[in-house]
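These notes concern the structure reproduced below.
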Amino acid sequence: MFRQGFHSSYRVLVGAVALLATAGGVGRAQRQMASPRIDQQLLPLRVIDATMIDTTAKACNDFFQFANGAWLARDTIPAAYSFSGVSRDMADRNELVVRSVLEEAMAKRAAPSTNSTQRKLGTFYASCMDSVGAEAKGATTLRPLLSRIDGMTARAQLIAQIAEVQINGGNALFAYAPSADPHDAAHYMVWLVQAGLGLPDRDYYTDQGPAADSLRTAYVDHIAKVLTLSGEEVSTAAGDAARVMALETEMAKASTRRVDLRDPAATDHPMTLAQLGALAPNADWPAYFRTIGLTASVAKVNVANPEFFKHLSELVESTPLPDWRAYLRFHALSQVSPWLSGPFVNEDFAFNSRFTGAKELLPRWKRCARETDRLMGEALGQAYVTRTFPATARARAKAVIDDIRDAFHERLLQLAWMSDSTRAQALDKLAKMSEKVGYPDKWRDYSRLVVGEGAFALNVQRANAFEWRRVVNRPGLPVDKTEWAMTVPTVNAYYDATVNEMVFPAGALVPQTFDPSADDAANYGSLGGSWAGHELTHGFDDEGRHYDAAGNLRDWWLPADSVHFSEQAAMVVNQYNGYIQVDTFHVNGRLTLGENIADYGGVLTGYDALQHALQRNGRPGLIDGFTPEQRFFLSYAQSFRQHTRPAALRTRVTVDPHAPEEWRVNAPLSNMPAFAAAFKCKPGDPMVRPVELVPRIW
Ligand SMILES: [Zn+2]
């Protein structure tokens, strides 16, 4: 389950988890609202499904296996996926709703009564579904951009060419991101962030050993194949590919490690334009800002990774121009490869499947539904909400989330280790934490987006350029607090530290996560614990705790409280370092620390909220033979029901801040006396961690 935790917009740009093709861009169908066609196609999802429990397993030995084992035994991961489980099941349902919205928009796009945004939506999806057109065009769609890259004859033209590839959505060298100022979170500023690598992480370029060598060889082959498909001679393409790899390896060595990016201070380097010029003198920054369309006056920029930009400047000077042309050519092609002709699509899939383990392409309509959601998500979101998310479901979900806030408030009041001074600040941060539930109150304006009937690759570029123009001149302006960083049908949620808010898209607020008609124990285990409690705790994890109630990077902790937190966090790191991720690879306790703290705090808080609900509403009897407390833990564990291919688990060791699902369940529960009490586990059982090893944070 790829629930995004700590989020700010520049992190979206550096994130590589998207390679695993998981959460984004999918919808769901709610029982009472879904069309009959959708209900006929898929089995209903329940917040707790007793048929998934392995009654032969011992709850006190391996609770993940107990809660999900019967399902794990009968499940086969479909060929087009890197995993199966809750988020895929929910996404499958959501995608059918999205499909019905898009097919209707496509059918009605020529009708005079159709409004302009709906017409664009239908045209966008129709051009994506036109596989015959894509086949006929090959890479010709990209010819104007490629010929401008090839026509670059002077180093002075390089920065403008990089800008053009970026504006069209390509991953070229670094990222420009107007995001919140870390010291004035109410306003945007320019962020410049390391980027531009074709492999999922810098470590892939520097890791030692045969597996790493073979991935690098495969990447060079892939670059050569893509360049050959675009018309280069085979021998030229092989040489170009080797030089692109050499250039990216230099960039990788200068890139900050993912674990080090967890410290917000590591990416906090505001400077004037003159200082940026001194740091990276070989890049013409005024020309760059002019080319991208930044007309606002820029007093300062935040350079997230100064070492990277220093080295990048040296590379601008030292790398031969033909190498830069090959690099930009490859990244321009790579970005739209999934939307060109069959040979491009297949090569793109074959390379990416090394990291996901998927065996075949998703059906075209699913790929198109996801891309349309990614690029025009708020145009389809309104129709999606109308079809699937009634106001009553929104109100009930909000009530569960509010109960979680109350429970966390109470925990803060009772924490023995925290000083009253730090506690007062934490309570203030909690009180000011806002939440968005379901869908935006204000929808995005697409009037300036141009969508054409022709090649879909061009529409992808246009939609990226539209998004670029939408945000490029934000530096200096107030932060738009109404904006959503995820689309409505998404099976995911996030906490944004600079806005101090939790956001829960409607796509996540359905069974299996949540069902207004389910018992409290079911809803508080899943929506309460593993979703709302989890996101709330991100405000107080190893990253989030460095931000104050207003979203500013400011240390509000008394030193003794910081010391306690860091010591307990180190215990969480040790606990997870001890678990196997896949084969001989261990979980990376430092990389996953924030998510692990959020999981632990989430389930503790959800449990408290359930106790309050039971006092308020009365204790029900056994359901399916389980007490409310047992059902709470079952619901929590089933909310992480997932079965993942080994290739994807190996990629996740390097790129994913979330631990594998079995540890997201077993690790926090084995720290909880309430879990041991619910299932009568004894000291010495695997699900009961020795008390001296149990971290105590929230
Ligand atoms: Zn998270």
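Atoms within a ligand are numbered from 1 in the order they appear, just like the ligands themselves. Heavy atoms only: backbone and side chains are in, while hydrogens, waters and symmetry mates are out.
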* To do: Quick one: list whatever passes salt bridge (Lys or Arg N to Asp or Glu O under 4.0 Å) with D62, sequence neighbours left out.
  =>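 Salt bridge (Lys or Arg N to Asp or Glu O under 4.0 Å) list for D62, sorted by chain: empty.
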
* salt bridge (Lys or Arg N to Asp or Glu O under 4.0 Å) with K429: which residues, sequence neighbours excluded? -> none

* Asked: Taking NZ, NE, NH1 and NH2 as the nitrogens, is one of them in R46 or D515 under 4.0 Å from a carboxylate oxygen of the other?
  ->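 Salt bridge: no.
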
* Asked: Can we say R696 and E567 salt-bridge, meaning some charged N sits less than 4.0 Å from an Asp/Glu carboxylate O?
  ->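 A salt bridge is absent here (no side-chain N lies under 4.0 Å from a carboxylate O).
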
* **Closest approach to the Zn ion (ligand 1) by E595, given as the N, O or S atom name** => OE1

* Got a sec: is H658 within less than 2.8 Å of the Zn ion (ligand 1) via an N/O/S atom? ->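 So H658 does not count as coordinating the Zn ion (ligand 1).
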
* **With the Zn ion (ligand 1) as the apex, the NE2/NE2 angle for H538 and H534 - to 10°** => 90°

